[in-house]
Amino acid sequence: MSEASTVPMGEGPSGPAPARRGIGRIGLYIFLVGAGLFFALPLYVMIITSLKGMPEIRVGNIFALPQAPSLDAWSKAWSSACTGLNCDGVSVGFWNSVRILIPSVILPIALAAWTGYALSFWKARGAEVIFGILLVGAFIPYQVFLYPMVRAFSSVGLFGTLPGIVLVHTIFGLPILTLMFRNFFIGLPIDLVKAARIDGANFAQIFIFVMLPLAVPIIVVAVIMQATSVWNDFLFGQVFAGPDNLPMTVQLNNVVNSTLGEKEYNVNMAATMITALLPLAVYFLSGRWFVRGIAAGAVKG
Amino acid sequence: MAQQAMEGTLEQGRRQMTELRNWAVYVALLPAALIAILAYVGTVIWTVWISFTSSKLVPVNAFAGTMQYQRLFADAKWQISISNLFFYCSIFIVVSLVLGFLLAVALDQRVKAEGAFRTLFLYPQGMSFIVTGLVWQWIMNPTLGLQRVAIDLGFAGVKLDWIIDPDLAILVLVMAGTWQASGLVMALLLAGLRGIDPQLWSAAQLEGVPRWRYYLHIVLPQLKPMLITATILLTLAGVKVYELVIAMTNGGPGMATEVPTKYIMEYLFRRANVGLAMSAATVLLITVSAIVVPYVYVQYFRKPKPRAGA
């Protein structure tokens with residue numbers, strides 16, 4: 001099983017060997033290239049629009065390359081785009097997202113690794129019940145849990161604070177991350193734990209000195225997955241972060257869908273592109289790791 | 001792939017767990033247990049309880065029977081939200097499955113640059129729904145977007161201003177949703193295709209089976225476990241649709257793209273009718289549980305039995 005999960009799409013094609021040439025073969029590539037264009041289109045439009053000026057956008061074709069590419073829209077999006085009366089650009093949201101991101105990646109992953117380890121090698125009454133609750137919970141729409149959580153957080157002063165939003169990300173990141181770590185640890189030989197016990201290591205020492213070093217690959221996948229999902233989150237940020245910590249996605253939506261003033265599509269697309277940059281960079285730099293992360297995290301979102 | 005990453009049934013776990021006992025495991029599981037009990041079970045119970053009270057701006061403990069549910073199902077906006085969701089989900093699921101399957105089969109034909117195509121089909125998975133929604137909103141802009149391109153190309157009669165058309169706006173949501181989700185279906189099914197014995201095709205060829213029949217009648221049945229996983233993931237993603245609506249249409253034009261998740265958020269935070277919102281949340285909970293509980297049971301808790309192609 002751990003074998004299968006490290007090779008996302010198998011070794012090689014198993015489909016019929018192609019006839020060397022022929023109409024079918026050409027049709028196949030036409031289909032693939034056509035689909036590729038459909039998938040690439042939004043990224044292309046986002047980039048070229050962000051490099052144009054408004055006069056050009058008003059008269060030109062949305063797919064046309066910019067006549068005089070410029071980064072003006074980018075700098076405006078970053079530092080002076082308006083949401084209502086505030087004109088500080090999306091940089092504010094960017095830094096808020098960074099402040100939310102770091103603890104919201106470290107905390108849930110640490111807890112999930114620890115819980116996954118406890119669930120893999122040790123016998124405990126009720127462990128299956130906890131695991132079952134978390135698994136079912138991972139699939140339920142967040143709106144079902146949201147309101148009681150808002151009340152509970154308000155009553156202890158966590159609502160609308162940075163620790164509050166981090167706790168929310170920890171709670172909702174936990175199921176899928178725990179599942180990933182548990183499945184990883186179950187694939188390891190139990191003799192490792194037994195040998196460490198004979199050497200006198202206790203429960204926590206086995207985790208820190210034996211398991212964690214072995215878990216580096218799955219930690220990388222977990223970091224990629226959790227970071228992407230925290231960065232892309234809108235719902236929790238909108239409800240729990242509070243006005244001073246609004247993450248970038250919320251601010252972006254406010255900038256673009258603000259009804260005040262004339263729409264500046266180039267600035268909007270630059271702001272959208274800036275928001276998408278982090279996940280895109282992670283995706284194109286980490287490739288295969290990223291695929292494993294989103295696959296494991298497919299139940300989220 | 002999601003399937004593989006998530007596999008490893010409890011049976012495997014049980015074998016090992018019987019061997020090691022330690023009191024420390026109870027302490028170790030305490031934080032997760034607290035989260036499971038308070039943040040998941042506790043909130044659900046509270047949500048369901050509020051739905052049976054007469055709560056308005058703040059929750060009150062005055063039992064009101066099914067009053068909120070009667071109001072909910074009498075509300076035209078809720079009825080429209082449900083029918084929109086049904087329409088969105090059915091098209092979104094079917095199109096994503098078909099497109100994902102076609103992409104997977106196409107990539108399994110020993111094509112050149114397979115990796116590049118895979119990268120291209122999967123990157124939307126990493127984008128925020130807000131980003132996806134805003135870009136497609138701009139592409140479908142009724143004056144400067146695709147519509148303008150059609151006019152420039154001489155197709156003045158072609159109507160592409162779907163996003164402001166009450167009958168067609170939901171299709172724009174479907175398009176954005178499909179763009180984001182079908183890569184995952186492709187990845188799941190491609191992993192499945194790679195597990196099929198190549199000898200099968202040789203045998204089919206000897207029998208003179210044409211390629212399309214090979215895929216329809218021999219391959220498709222073998223992909224059943226992956227297709228089930230993909231369908232369930234798509235269904236859940238469909239039911240949860242919220243950010244896409246907020247970014248693209250905000251429910252409009254009129255109520256053409258209103259959905260239940262947005263209905264709940266509105267009555268919770270803007271219209272201050274907590275009881276009504278919680279009855280809507282409970283309806284959503286029951287619907288999703290009917291799909292999820294059997295799935296989680298079969299996937300993780302049932303004793304594994306040998307499966308074809310897995």
Side-chain angles (χ1 to χ4, degrees), chain A residues 1 4-5 8-10 13-16 18 28 31-32 35-36 39-40 42 45-46 61-62 111 115 118 121-124 130 133-137 139-141 143-145 147-149 171 174 179 183 186 190 203 228 232 234 249 252-253 256 265 272 275-276 279 283 291 294-296 298, chain B residues 1-2 4-5 7-8 12-13 16-18 20-22 24-26 28-29 31-33 35-36 39-40 43 46-47 106 108-110 117 120-121 123 125-128 130-131 134-135 139 145 149 152 184 190-191 194 196 198 201 233 236 240 243 247 261 264 268 281 284-285 288 292 296:
Chain A
M1 166 263 125
S5 69
M9 281 168 246
S14 66
L28 177 71
F31 170 68
L32 278 174
F39 281 94
V45 168
M46 189 159 48
N61 182 317
I62 187 173
L111 183 56
T115 309
F121 296 105
W122 307 88
K123 186 171 176 61
I130 296 170
I133 292 170
L134 291 179
L135 277 180
V136 173
F139 292 95
I140 308 282
Q143 279 83 0
V144 174
F145 312 108
Y147 187 69
M149 221 169 255
I171 288 169
L174 191 64
L179 183 64
N183 286 358
I186 274 185
I190 194 163
F203 184 88
T228 313
N232 288 342
F234 173 85
T249 47
L252 169 72
N253 189 54
V256 177
Y265 297 107
T272 311
T275 311
Y283 178 64
V291 173
I294 53 169
Chain B
M1 205 171 29
Q4 284 162 345
E7 246 163 43
Q12 284 171 285
Q16 298 191 332
M17 279 192 281
T18 47
L20 293 173
R21 289 165 187 280
N22 194 315
V25 68
Y26 290 99
L29 285 175
I35 287 181
Y40 286 93
T43 52
W46 199 350
T47 292
D108 204 34
Q109 308 299 312
R110 298 166 204 261
F117 280 118
L120 204 51
F121 300 154
Y123 86 90
Q125 276 285 316
M127 308 274 254
S128 163
I130 296 292
V131 168
L134 294 178
V135 180
I139 293 175
V149 176
D152 286 356
L184 182 72
L190 189 57
R194 297 280 150 91
I196 291 175
W201 169 237
L233 294 180
L236 295 168
K240 285 180 174 179
E243 281 101 331
T261 45
I264 297 171
L268 271 187
L284 218 53
L285 169 74
V288 173
V292 165
V296 166

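Just so it is clear: chains get the letters A, B, ... in the order the sequence lines come, proteins before strands, and each one is counted from 1. Just so you know, these numbers come straight off a predicted model, no measurement behind them.
Note that the OG1 atom of A/Thr272 and the CD1 atom of B/Ile130 stand 10.0 Å from one another [nearest 0.5 Å]. In this structure, the separation between OG1 on A/Thr275 and CE on B/Met127 is 10.0 Å, given to the nearest 0.5 Å. With rounding to the nearest 0.5 angstrom, the OH atom of A/Tyr265 is 12.0 Å from the CG atom of B/Leu134. Atoms CD and CG, from B/Glu243 and A/Asn232 in turn, are 9.5 Å apart once rounded to the nearest 0.5 Å.
Across A/Phe145 and B/Ala39, no two heavy atoms sit closer than the pair CD2-O, 3.8 Å. Considering every non-hydrogen atom in both B/Ala32 and A/Thr115, the closest pair reads CB-CG2, 3.5 Å. Residue A/Pro279 comes nearest to B/Gly126 through the heavy atom pair CB-O, 3.2 Å, listed as atom of the first residue, atom of the second, then distance.
Both the backbone and the side chain of A/Leu32 come within contact range of chain B, with heavy atoms under 4.5 Å apart. For a residue to count as touching a neighbouring chain, one of its non-hydrogen atoms must lie under 4.5 Å from one of that chain's; by this rule A/Ile171 touches chain B with backbone and side chain alike. Heavy atoms of B/Ile264 lying under 4.5 Å from chain A belong exclusively to its side chain. Contacts of B/Val292 with chain A are made by side-chain atoms alone, with heavy-atom separations under 4.5 Å and no backbone atom involved. The contact between B/Val296 and chain A is made entirely by side chain atoms (from C-beta outward), counting heavy-atom distances below 4.5 Å. Using a 4.5 Å cut-off between heavy atoms, B/Tyr26 contacts chain A through its side chain alone, with no backbone atom that close. Heavy atoms of A/Phe31 lying under 4.5 Å from chain B belong exclusively to its side chain. Residue contact with chain A, scored on non-hydrogen atoms closer than 4.5 Å, involves the side chain of B/Ile35 exclusively.
In terms of non-hydrogen atom pairs under 4.5 Å with chain A, the most contact-rich of B/Leu29, B/Val25, B/Leu285, B/Val288 is B/Val25. With chain A as the partner, the residue from B/Asp152, B/Leu284, B/Leu268 showing the most heavy-atom pairs under 4.5 Å is B/Leu268. Here B/Ala106 is the residue among B/Gly145, B/Ala281, B/Ala24, B/Ala106 with the most heavy-atom pairs under 4.5 Å with chain A.
Evaluated for a side chain to side chain contact (heavy atoms under 4.5 Å, CB included) with B/Tyr40, the options A/Leu134, A/Ile140, A/Val144 yield exactly one hit, A/Leu134.
A side-chain donor-acceptor contact under 3.5 Å links B/Tyr123 to the backbone of A/Phe39. B/Thr43 places no side-chain N or O within 3.5 Å of a backbone atom of A/Met149 that could act as its donor or acceptor partner.
Two residues are said to be in side-chain contact when any heavy atoms from C-beta on lie closer than 4.5 Å; B/Ile139 and A/Pro42 meet this criterion.
Take A/Ala40 and apply the side-chain contact (heavy atoms from CB on, under 4.5 Å) test, not counting sequence neighbours, and it matches B/Leu120.
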